[in-house]
Amino acid sequence: MNVTVKQLKAFVAVAKTRSFAEAAELVYLSQPALSIAIKNLEETVGGALLARSTRTLALTPEGEMFYPVAERLLADWDDAMLELHNLFSLKRGKLSVAAMPSFAGQQLPAVMRDYRNLYPDINVTVQDVVAEAVVEMVRSGRVEIGVAFVPDSSIDDLNFQTLFEDRFVVALPNEHPLLKKEAITWNQLQQFPFIALQRPSSIREVIERTLEEKKFSLNIQFESHHLVTIIQMVVTGLGVSVVPSLCIPQIEQMGGHWRPLKAPVITREVGIFTRKRYPLSTAAAAMVDVLLQQPVPSGPIK
């Protein structure tokens with residue numbers, strides 16, 4: 001059964017005005033076109049909805065029953081069209097974003113501020129999770145957008161747009177002897193207790209691969225899943241660590257210190273993950289635009 005919105009509007013207009021002439025003006029149709037719409041509707045539903053005579057125009061019993069239903073259907077249609085318009089015009093909607101903690105805690109608040117200023121009616125949920133989880137949340141469709149380091153594993157099913165390149169730095173406690181250095185080598189780190197991210201971690205993998213290539217080894221004394229915990233352990237004097245430069249504000253806020261890392265330098269791309277073959281919502285596409293317009297964080301001195 002195929003009833004069109006045009007037919008419903010024609011029927012409701014006639015039922016409301018009890019006049020084909022007035023109804024035609026309400027729905028912007030000629031009277032012949034209005035009559036055809038009503039006739040097609042009656043043929044579709046299988047019976048007369050209007051009782052016509054030379055002097056009167058009335059609803060049949062079936063027409064009386066259908067009239068409030070038709071009004072409700074048109075109201076629902078108008079509401080649906082308004083809701084869809086609001087979604088496309090960013091006057092309404094929801095968006096879920098996943099971001100690794102080092103980005104979520106430092107760069108993301110400014111992104112959210114700019115996005116809210118532009119689109120105050122969009123509700124945004126932020127999932128603050130480790131980089132590996134960000135990729136999986138995007139891949140599974142739990143979030144539309146993720147921000148994290150590019151992983152070493154395959155991301156053929158995902159789009160990746162680079163935001164900036166992060167250079168790793170050494171996190172140090174107060175009064176540490178390496179603070180005398182302007183930059184620190186991996187070889188110099190070997191003699192001090194090292195605090196590492198626990199496996200599985202893409203950062204841990206990059207560090208281990210670099211050390212293996214250079215035939216270095218570290219004196220790993222402590223491990224943690226979270227960079228903020230590692231920084232706090234460094235600040236309390238338990239050891240040193242190597243962390244992304246995104247963590248520099250946290251290091252300084254906690255009372256720690258940092259130095260550029262060299263020989264070799266380690267860098268990782270930070271960027272936006274989205275799913276291939278799945279179009280972004282208007283709200284998500286707008287968030288990507290805001291992310292791409294953010295200034296690149298100032299990294300360590302090279």
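Two residues are said to be in side-chain contact when any heavy atoms from C-beta on lie closer than 4.5 Å; L227 and P101 fail this criterion.
Annotation for V129: hydrophobic cluster partners, listed by chain and number, are V134, V135, M137, V138, V143, V150, I155, L158, F160, F273 (ILVMFWY side-chain heavy atoms under 4.5 Å, direct or chained). Counting Ile, Leu, Val, Met, Phe, Trp and Tyr side chains that sit under 4.5 Å apart, directly or through other members, I36 stands alone, with no cluster partners.
Put simply, CG on L238 and CD1 on I195 are 5.5 Å apart, with the number rounded to the nearest 0.5 Å. For the atom pair CD (Q161) and OG1 (T274), the distance works out to 6.0 Å, reported to the nearest 0.5 Å. In this structure, CH2 in W258 is found 13.0 Å from CD1 in I231, a value given to the nearest 0.5 Å. For the atom pair D166 CG and E269 CD, the distance stands at 11.0 Å (nearest 0.5 Å). With rounding to the nearest 0.5 angstrom, the CG atom of L29 is 5.5 Å from the NZ atom of K6. Distance check, rounded to the nearest 0.5 Å: NZ of K262 to CG of N187 gives 11.5 Å.
Looking at residues two or more places apart in sequence or on another chain, you find a side chain to side chain donor-acceptor pair (under 3.5 Å) between N174 and H257. Residues forming a side chain to side chain donor-acceptor pair (under 3.5 Å) with H225 (at least two apart in sequence, or on another chain): Q198. The ring pair (Phe, Tyr, Trp, His ring centres under 6.0 Å) check on F20 picks up nothing, with sequence neighbours excluded.
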Worked check of side-chain contact (heavy atoms from CB on, under 4.5 Å) between D114 and Q293: CA-CA 10 Å; D114 293 347; Q293 291 169 14; over 6 Å; no
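Classified by interplanar angle (parallel below 30°, tilted 30° to 60°, perpendicular above 60°), the ring pair F164/F103 is parallel.
Linking Ile, Leu, Val, Met, Phe, Trp and Tyr whenever their side-chain heavy atoms come within less than 4.5 Å puts L34 and V5 in one cluster. In the hydrophobic clustering of ILVMFWY residues, with side-chain heavy atoms under 4.5 Å counting as a link, W77 and F66 come out together. Linking Ile, Leu, Val, Met, Phe, Trp and Tyr whenever their side-chain heavy atoms come within less than 4.5 Å leaves I248 and V265 in two separate clusters.
Closest approach of A284 and I145 over heavy atoms only: O-CD1, 3.2 Å. Nearest heavy-atom pair across R167 and P260 is NH2-CB, 3.9 Å. When all heavy atoms are compared, the tightest approach of A283 to I122 is CB-CG2, 4.1 Å. Annotation for S241 and F194: closest pair CA-CE1, 3.7 Å, computed over non-hydrogen atoms. Shown here for H176 and V240, the closest heavy-atom pair between the two residues is NE2-CG1, 3.4 Å.
Each side-chain hydrogen bond (donor to acceptor under 3.5 Å, both in side chains) pair with one or both residues in residues 129-148, not counting sequence neighbours, appears once here: E132-S202, E136-R139, R139-D157, E144-S281.
Partner of V169 under the side-chain contact (heavy atoms from CB on, under 4.5 Å) criterion, out of I266, L246, V243: V243 alone.
In terms of modelled atom types and a separation under 3.5 Å, the side chain of R204 and the main chain of L197 share a donor-acceptor contact. Q7 contributes a side-chain N or O that, together with a main-chain N or O of T4, makes up a donor-acceptor pair within less than 3.5 Å.
In this structure, K276 places its NZ atom where more than 12 heavy-atom neighbours from other residues, nucleotides or ligands lie under 6.0 Å away. Heavy-atom contacts from other residues, nucleotides or ligands closer than 6.0 Å to CD of E43 number more than 12.
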